[in-house]
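Following: one structure in structure tokens, then a few remarks.
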Amino acid sequence: MSVDHADLSFVDGLGGADRPGGHDNLAVVHAAYRAFHDRDLAALLATMDPGIEWVHPDGLAPYGLGGTKLGHAGVREFLAKVPTVLGGMRLEPQEFVRSGDRVVVFGVRAVTSLSGRTETLSFVHSWTFRDGRAVRMEDIFDTVVFARLIDG
């Protein structure tokens with residue numbers, strides 16, 4: 001996997017169940033970003049429900065990255081496609097907002113083209129949970145700059 005991110009140790013102390021008797025959705029999101037960093041697909045998928053909706057902007061469909069991918073197979077398909085169109089990516093989550101079964105993450109990502117040019121782009125990830133596992137992850141960002149990087 002060619003996706004990376006910055007150290008998230010600053011959120012270690014922010015845990016706690018999201019509701020009485022509930023699951024710590026923030027800790028699950030933290031684990032998902034750690035799995036990206038470690039390139040540990042099994043650990044990443046362990047944070048997700050087998051039927052997860054993995055959603056990216058439709059504007060990236062021509063590159064095989066847009067739309068909704070379903071289930072662990074869809075996440076695998078998406079992640080396998082990324083290195084065919086990009087030279088690399090580094091995620092840096094900066095702010096976590098949780099409310100009930102949702103965690104929204106604001107951050108930046110350094111995206112590197114296959115030719116080696118890197119741009120820093122803002123993102124919003126909206127994670128929705130059920131029973132302690134992500135059932136939906138929606139990635140929201142500027143597709144115009146992203147597509148320019150892919151196109152070279």
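Side-chain heavy atoms closer than 4.5 Å link hydrophobic residues (I, L, V, M, F, W, Y) into clusters, and following such links, even through other members, never connects F146 to I140. Linking Ile, Leu, Val, Met, Phe, Trp and Tyr residues whenever their side-chain heavy atoms come within less than 4.5 Å leaves V29 and V108 in two separate clusters. Under the 4.5 Å side-chain heavy-atom criterion for grouping Ile, Leu, Val, Met, Phe, Trp and Tyr, F141 is connected to V85 within one hydrophobic cluster. Cluster annotation: V82 is connected to V145 through the hydrophobic network of ILVMFWY side chains, with a link wherever side-chain heavy atoms come within less than 4.5 Å. Under the 4.5 Å side-chain contact rule for hydrophobic residues, Y33 and L41 share a cluster.
A salt bridge is absent between D142 and R148: the closest approach of a Lys/Arg side-chain nitrogen to an acidic carboxylate oxygen does not fall below 4.0 angstrom.
Every residue two or more places apart in sequence or in another chain that forms a salt bridge (charged side-chain N to carboxylate O under 4.0 Å, His left out) with D139 is listed here: R109. Under the rule for a salt bridge (charged side-chain N to carboxylate O under 4.0 Å, His left out), the partners of R117 that lie at least two apart in sequence or sit in another chain are E119. Residues that satisfy the side-chain hydrogen bond (donor to acceptor under 3.5 Å, both in side chains) test with R133, not counting sequence neighbours, are absent from this structure.
Scanning both residues, R136 and V55, for their nearest heavy atoms gives NH1-CG2, 3.6 Å. The two atoms that bring G132 and V28 nearest to each other are O-CG2, 3.5 Å, heavy atoms only. Heavy atoms only, all atoms of each residue included: S113 and L149 are closest at CB-O, 3.1 Å. The shortest non-hydrogen separation linking D58 to G67 is OD1-CA, 3.4 Å.
Separating the OG atom in S122 from the CD atom in Q94 is a distance of 7.5 Å, to the nearest 0.5 Å. We find the CZ-CG distance between R34 and L44 to be 13.0 Å, quoted to the nearest 0.5 Å. From I150, atom CD1 reaches atom OG of S115 across 12.0 Å, with rounding to the nearest 0.5 Å. Interatomic distance, R90 CZ to T118 OG1, rounded to the nearest 0.5 Å: 11.5 Å. One finds the CZ atom of F36 at 6.5 Å from the CG atom of L91 (value rounded to the nearest 0.5 Å). Note: D101 CG to F129 CZ = 9.0 Å, rounded to the nearest 0.5 Å.
Remark: the backbone N or O of R102 is not paired with any side-chain donor or acceptor of S99 at under 3.5 angstrom. H72 places no side-chain N or O within donor-acceptor distance of the main-chain N or O of A42, the cut-off being under 3.5 Å.
At a threshold of 4.5 Å between non-hydrogen side-chain atoms, the residues E53 and L70 count as touching. Side-chain contact check for V103 versus V97: every heavy-atom pair is 4.5 Å or farther apart. You'll find the side chain of V135 stays beyond 4.5 Å of the side chain of I52, heavy atoms only. In this structure, the side chains of F123 and V111 stay at 4.5 Å or more apart for every pair of heavy atoms. In this structure the side chain of V124 never reaches within 4.5 angstrom of the side chain of V105, judged on heavy atoms. Side-chain atoms of H30 and D24, non-hydrogen and from C-beta on, never get closer than 4.5 Å to each other.
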Full working for side-chain contact (heavy atoms from CB on, under 4.5 Å) between L79 and K81: CA-CA 5 Å; L79 294 175; K81 183 67 177 171; over 6 Å; no
Criterion side-chain contact (heavy atoms from CB on, under 4.5 Å) on Y63 and T84, from CA distance to verdict: CA-CA 9 Å; Y63 309 101; T84 69; over 6 Å; no
Working for side-chain contact (heavy atoms from CB on, under 4.5 Å), residues L114 and L86: CA-CA 5 Å; L114 290 173; L86 291 172; 5.5 Å; no
side-chain contact (heavy atoms from CB on, under 4.5 Å) evaluation trace for W127 with F96: CA-CA 11 Å; W127 296 81; F96 296 75; over 6 Å; no
Ring pair (Phe, Tyr, Trp, His ring centres under 6.0 Å) between F78 and H56, worked out: CA-CA 10 Å; F78 176 87; H56 291 81; 4.1 Å; yes
